[in-house]
Amino acid sequence: FPSHDILFPSHDTYPQSSRTDIWTNYDQIINGVRFAKALGYIPSNHAKASAAICEWSDVAAALDEAPTPFVKTIVDKILNLSISQALQGTIDFEDQLYLSALFIPPTFYPKFPVVFVDEYQDLSPVNACMISILAKRARIIGVGDEAQAIYGFRGADSSSMSHAITELSMTL
C-alpha cells in the first residue's frame, strides 16, 4: 500500500487535534516515509530495528524542514504498518528494495561473480546495500558521473561513487 493509503484509514483513530496536525504535516509525513525507506531507516520499536542502515536523524536531515516529534511518531507508525503489510505480501514500489535489502536474509539471494551498476552516482543507501548483498565476494563494475547526480529527491547519495571508491577499493 502506498503510504497515503496507510495514513488515512488510521487517521480516523486519532483525536481531532491530531488529525489537523496530520493534514498540516502531510507532505513531511509522506516524504519522511519515502526517505526512511530509501535511506534504510527502521523504527526503533520494530523487531528488525538492528538491521537499519541509518538513524532517524539521517531521515530528518533529508527533509526540507526539521520534523516535529509528532511527525516522527506518524512516520514510525506508517512504516511499521507498511512493513507488516509487505511481509504479508502487499508491497508498494518503495518496499521492493527496502524490504529486500533489510528484511530478507542475505543467504536467500544468489551470488554473482560480476555485478554491473549503471548510474552509480544515483544509488540510495538501500540500493548500495542491495548491491553489496548481491555482490558478496564479487567484482563490482560501476559506471557513473558524480556531476550528474540528480536523484537526491528520492534518497540518492550524491557521494555514492566516492564512497564506493573508498569502501570497496574501486579504481577510476
Side-chain angles (χ1 to χ4, degrees), residues 1-7 9-10 29-63 72-144 149-171:
F1 284 92
S3 302
H4 172 86
D5 292 343
I6 291 172
L7 176 60
S10 65
I29 292 167
I30 296 301
N31 287 330
V33 172
R34 287 185 180 135
F35 276 112
K37 288 180 179 183
L39 300 177
Y41 168 74
I42 301 171
S44 61
N45 64 347
H46 193 280
K48 289 277 198 171
S50 64
I53 56 176
C54 82
E55 301 290 327
W56 172 253
S57 59
D58 299 311
V59 176
L63 297 172
K72 180 188 183 302
T73 298
I74 302 301
V75 168
D76 283 356
K77 181 174 182 172
I78 292 171
L79 282 170
N80 281 318
L81 288 169
S82 178
I83 292 165
S84 175
Q85 289 177 356
L87 293 174
Q88 294 174 24
T90 304
I91 65 170
D92 67 10
F93 180 76
E94 295 157 347
D95 288 333
Q96 292 177 43
L97 282 174
Y98 178 66
L99 287 147
S100 296
L102 301 175
F103 290 85
I104 296 175
T107 55
F108 177 79
Y109 296 96
K111 303 295 184 247
F112 298 97
V114 179
V115 174
F116 294 91
V117 181
D118 191 20
E119 305 297 344
Y120 208 100
Q121 77 278 359
D122 290 323
L123 295 181
S124 72
V126 170
N127 293 130
C129 180
M130 178 58 74
I131 288 168
S132 72
I133 291 169
L134 293 173
K136 283 283 189 217
R137 298 178 195 91
R139 180 175 184 183
I140 300 173
I141 299 174
V143 178
I150 60 171
Y151 287 100
F153 68 90
R154 67 166 178 79
D157 179 1
S158 62
S159 60
S160 60
M161 289 187 68
S162 59
H163 287 229
I165 290 167
T166 302
E167 294 171 20
L168 302 173
S169 301
M170 293 178 103
T171 58

Heavy atoms, side chains only, cut-off 4.5 Å: are [X] and [Y] in contact?
{"X": "C54", "Y": "V59", "result": "yes"}
{"X": "L79", "Y": "I42", "result": "no"}
{"X": "L81", "Y": "K77", "result": "yes"}
{"X": "I104", "Y": "Y109", "result": "yes"}
{"X": "L39", "Y": "S124", "result": "no"}
{"X": "V115", "Y": "I141", "result": "no"}

Inset, instruction - Show your reasoning for whether ring-ring contact (aromatic ring centres under 6.0 Å, His included) applies to H46 and Y41. - result: CA-CA 11 Å; H46 193 280; Y41 168 74; over 10 Å; no

Report the distance from atom [atom1] of [X] to atom [atom2] of [Y], rounding to the nearest 0.5 Å.
{"X": "S44", "Y": "E55", "atom1": "OG", "atom2": "CD", "answer": "9.0 Å"}
{"X": "I29", "Y": "K72", "atom1": "CD1", "atom2": "NZ", "answer": "13.0 Å"}
{"X": "I83", "Y": "F103", "atom1": "CD1", "atom2": "CZ", "answer": "3.5 Å"}
{"X": "K37", "Y": "L99", "atom1": "NZ", "atom2": "CG", "answer": "7.0 Å"}
{"X": "I131", "Y": "Y120", "atom1": "CD1", "atom2": "OH", "answer": "5.5 Å"}

Inset, instruction - In sequence, state the C-alpha distance, the side-chain angles, and the governing distance for I91 and Y98, and then conclude on side-chain contact (heavy atoms from CB on, under 4.5 Å). - result: CA-CA 10 Å; I91 65 170; Y98 178 66; over 6 Å; no

Inset, instruction - Decide, yes or no, whether a salt bridge links R34 with D92 under the criterion of side-chain N to carboxylate O below 4.0 Å. - result: no

Distance-minimising heavy-atom pair for [X] and [Y]:
{"X": "V114", "Y": "A138", "result": "N-CB, 4.3 Å"}
{"X": "S132", "Y": "C129", "result": "OG-O, 2.7 Å"}
{"X": "A38", "Y": "P125", "result": "O-CD, 3.7 Å"}

Legend entry - Working for side-chain hydrogen bond (donor to acceptor under 3.5 Å, both in side chains), residues N80 and N45: CA-CA 9 Å; N80 281 318; N45 64 347; 3.1 Å; yes

Legend entry - Q96 backbone acceptor or donor facing S100 side chain under 3.5 Å: yes

Inset, instruction - Give me the one residue out of L123, D122, V117 that meets side-chain contact (heavy atoms from CB on, under 4.5 Å) with E119. - result: D122

